[in-house]
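Notes to accompany the following structure.
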Amino acid sequence: MKVLCVLYDDPSVPFSAVRDDLPSLPGYPGGQTLPTPSSVDFTPGHLLGSVSGELGLRRFLEAGGHTLVVTSSKDGADSVFDRELADADVVISQPFWPAYLTAGRFARAPRLKLALTAGIGSDHVDLDAAIAHGVTVAEVTYCNSISVAEHVVMSILNLVRNFVPAHQIVRDGGWNIADAVSRSYDVEGMHVGTVAAGRIGLAVLRRLAPFDVHLHYTDRHRLPAAVEEELGLTFHTSAAEMVPVCDVVTVNAPLHPETEGLFDDALISSMKRGAYLVNTARARIVDRDAVVRGLESGQLAGYAGDVWYPQPAPADHPWRTMPHHAMTPHISGSSLSAQARYAAGTREILESFFAGTPIREEYLIVDGGKLAGTGAHSYAVKS
Ligand code: NDP
């Protein structure tokens with residue numbers, strides 16, 4: 001079979017690991033096991049997510065008689081992705097460098113059977129089209145949820161404490177303390193709410209609890225009462241109900257028709273003046289220009305996250321230059337630690353697929369012409 005793999009570009013300087021090992025983890029919170037491929041052909045902690053890393057898949061695939069094509073060229077009709085798609089059986093892509101699998105591209109890929117996300121979040125795949133074409137969509141559920149949760153906590157502290165401007169003062173040779181502290185607060189005592197309390201959202205709540213904040217959440221399904229009690233959570237039936245009482249809001253829901261455009265001018269203006277918004281979920285859950293307006297007017301004191309639309313973001317994307325932001329390129333789920341897990345999980349899914357054995361239920365988003373597994377729980381489709 002032909003496996004077409006789209007990965008981000010290689011680093012501008014050759015990779016050299018700055019640490020010798022990764023911590024070994026017993027499993028994921030809640031008991032889900034880490035990926036269980038038969039073996040791996042890579043060194044955990046090495047750069048696997050860019051083109052030359054090939055997710056450590058080449059030896060395994062070629063030994064099985066398969067063809068692997070790896071490229072970072074993904075956009076436009078003259079891209080390598082578009083050209084190679086015509087006879088591809090499997091497409092592997094990543095949210096960090098998404099190869100958008102649109103309905104048009106599905107129509108031009110008659111052999112496609114599996115669209116595999118080497119990460120979490122398959123909104124770059126048109127799920128309605130996948131359903132219509134009988135293509136299975138799978139992702140490596142949990143592989144980088146904790147990585148993102150750590151980034152969210154970092155971003156909240158970063159914004160509230162005003163870290164980036166203070167750091168810039170040092171780099172610029174300055175020492176104006178008043179400039180640095182004029183926008184700096186403590187997180188302690190604040191009300192922090194998450195839109196969605198799934199794997200990432202709940203991990204964020206758990207990590208924030210020791211900061212002595214008041215924790216809030218909204219989700220389609222309520223958490224067990226014991227978890228609410230343990231963390232002192234306040235449940236809200238909707239984002240509209242939750243955000244007016246929060247000083248900090250973090251977004252941890254998938255992008256699907258229910259969440260697209262959720263944070264528009266109206267919702268942002270219902271937040272407390274000077275609230276902070278952290279979105280590492282997907283850019284299109286917020287209205288791009290409403291965020292800029294919120295920051296410029298002071299309605300929002302800060303915005304952070306690592307998700308943009310489209311990706312890569314153009315040089316003139318307004319979020320690059322808007323005030324009071326702590327944005328990064330899409331990296332939170334692609335730490336070297338996460339890469340080892342999503343590369344192993346990708347191989348596990350491919351091994352099941354080639355052997356004709358079931359792909360783990362928790363990895364499935366679409367299967368058998370309908371939402372399945374994690375997809376059936378966390379996503380919605382238009383049709
Ligand atoms: P999970 O599937 O564990 O959690 C998603 C949660 O969102 C579920 O609890 C789901 O609710 C909830 N949800 C879905 N729709 C709504 C809605 N309309 N309103 C409120 N809650 C809703 O996924 P993860 O926590 O692991 O990941 C969440 C998202 O984060 C991913 O889909 C992806 O977009 C993004 N992500 C970003 C990364 C990055 O690098 N920046 C990396 C990894 C993920 P329920 O299931 O109860 O219906």
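Only this structure's heavy atoms are used, side chains among them; waters, hydrogens and symmetry mates stay out. Please read all numbers here as calculations on a predicted model, not as lab measurements. Both counts, for ligands and for their atoms, begin at 1 and track the order of listing.
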Next item on the list: With heavy atoms of T259 as the reference, note each atom of ligand 1 found under 4.0 Å away.
Entry: 17 (C), 18 (N)
Margin query: Below 4.0 Å from ligand 1: does a non-hydrogen atom of G119 turn up there or not?
Written below: no
Margin query: Quick one, L202 with L223, criterion side chain to side chain contact (heavy atoms under 4.5 Å, CB included). Give me CA distance, side-chain angles, the key distance, then yes/no.
Written below: CA-CA 9 Å; L202 180 57; L223 290 166; 4.1 Å; yes
Next item on the list: Run the numbers for me: atoms of ligand 1, each under 4.0 Å from some heavy atom of V148, listed by number.
Entry: 38 (C), 39 (C), 40 (O), 42 (C), 43 (C)
Check: More than 12 heavy atoms of other residues, nucleotides or ligands under 6.0 Å from CZ of R59: is that the case?
Finding: no
Notebook entry, point to check: So is there a nitrogen or oxygen of G333 less than 3.5 Å from a nitrogen or oxygen in ligand 1?
Noted result: yes
Checklist line | Other residues, nucleotides, ligands: >12 heavy atoms within 6.0 Å of F211 CZ | finding: no
Notebook entry, point to check: Should the ring pair Y379 and H256 be called parallel, tilted or perpendicular, given that the plane angle runs from 0 to 90° and is split at 30 and 60?
Noted result: tilted
Notebook entry, point to check: Could a heavy atom of H256 be found less than 4.0 Å from some atom of ligand 1?
Noted result: yes
Note to self: Within the 4.0 Å heavy-atom shell around H221, which atoms of ligand 1 are there?
What the structure shows: 45 (P), 46 (O), 47 (O), 48 (O)
Item checked: Non-hydrogen atoms of E362 and T374 that approach each other most closely -> O-OG1, 2.7 Å
Check: Just going by heavy-atom distances, which of A253, S145, S122, G121 is nearest to atom 29 (C) of ligand 1?
Finding: A253
Check: Should D82 and K74 count as an ion pair when the cut-off is N to O under 4.0 Å?
Finding: no
Notebook entry, point to check: So which protein heavy atom does atom 13 (N) of ligand 1 come closest to, and at what separation?
Noted result: P254 CD, 4.0 Å
Margin query: Could you identify the single nearest non-hydrogen protein atom to atom 4 (O) of ligand 1 and state the distance to 0.1 Å?
Written below: G198 CA, 3.4 Å
Checklist line | Shortest protein heavy-atom distance from atom 2 (O) of ligand 1, along with the residue and atom involved | finding: S378 OG, 3.0 Å
Note to self: Yes or no: does P95 have any heavy atom under 4.0 Å from an atom of ligand 1?
What the structure shows: no
Checklist line | Nearest option to atom 30 (O) of ligand 1, as decided by whichever heavy atom of I120, I200, T280 sits closest | finding: I200
Notebook entry, point to check: Which ligand 1 atoms does R282 reach within 4.0 Å, using its non-hydrogen atoms?
Noted result: 33 (C), 34 (O), 35 (C), 36 (N), 37 (C)
Note to self: Starting from atom 46 (O) of ligand 1, what is the nearest protein heavy atom, named by residue and atom, and what distance separates them?
What the structure shows: H377 ND1, 2.5 Å
Notebook entry, point to check: Is a salt bridge present between R284 and D123, judged by a nitrogen-to-oxygen distance below 4.0 Å?
Noted result: no
Margin query: Holding to salt bridge (charged side-chain N to carboxylate O under 4.0 Å, His left out), I want the full list of residues that pass it with R83, two or more places apart in sequence or in another chain.
Written below: none
Notebook entry, point to check: Can you list the ligand 1 atoms lying under 4.0 Å from a non-hydrogen atom of A196?
Noted result: 6 (C), 7 (O), 12 (C), 21 (N)
Check: Which option, T328, L255, N252, owns the non-hydrogen atom nearest atom 28 (C) of ligand 1?
Finding: N252
Margin query: Given H330, R222, E258, R199, identify the one with the heavy atom nearest to atom 18 (N) of ligand 1.
Written below: E258
Next item on the list: Just jot down the ligand 1 atoms closer than 4.0 angstrom to any heavy atom of N144, in number order.
Entry: 42 (C), 43 (C)
Notebook entry, point to check: Parallel under 30°, tilted from 30 to 60°, perpendicular over 60°: which one fits the rings of F354 and H66?
Noted result: parallel
Notebook entry, point to check: Do ligand 1 and D123 have nitrogen or oxygen atoms that lie under 3.5 Å from each other?
Noted result: no
Next item on the list: Give the residue, atom name and distance (to 0.1 Å) of the protein heavy atom nearest atom 22 (C) of ligand 1.
Entry: R220 CG, 3.8 Å
Checklist line | atom 9 (O) of ligand 1 [closest protein heavy-atom partner, distance rounded to 0.1 Å] | finding: D219 OD2, 2.8 Å
Check: Between Y8 and V91, is there a shared hydrophobic cluster once you connect ILVMFWY residues whose side-chain heavy atoms come closer than 4.5 Å?
Finding: yes
Notebook entry, point to check: Does K2 come within less than 4.0 Å of D89, counting only side-chain N to carboxylate O?
Noted result: no
Margin query: With respect to D306, determine whether any N or O atom, backbone or side chain, lies less than 3.5 Å from an N or O atom of ligand 1.
Written below: yes
Next item on the list: Look at ligand 1 and say whether F96 reaches it with a heavy atom at a distance under 4.0 Å.
Entry: yes
Margin query: Around atom OH of Y185, are there more than 12 heavy atoms from other residues, nucleotides or ligands closer than 6.0 Å?
Written below: no
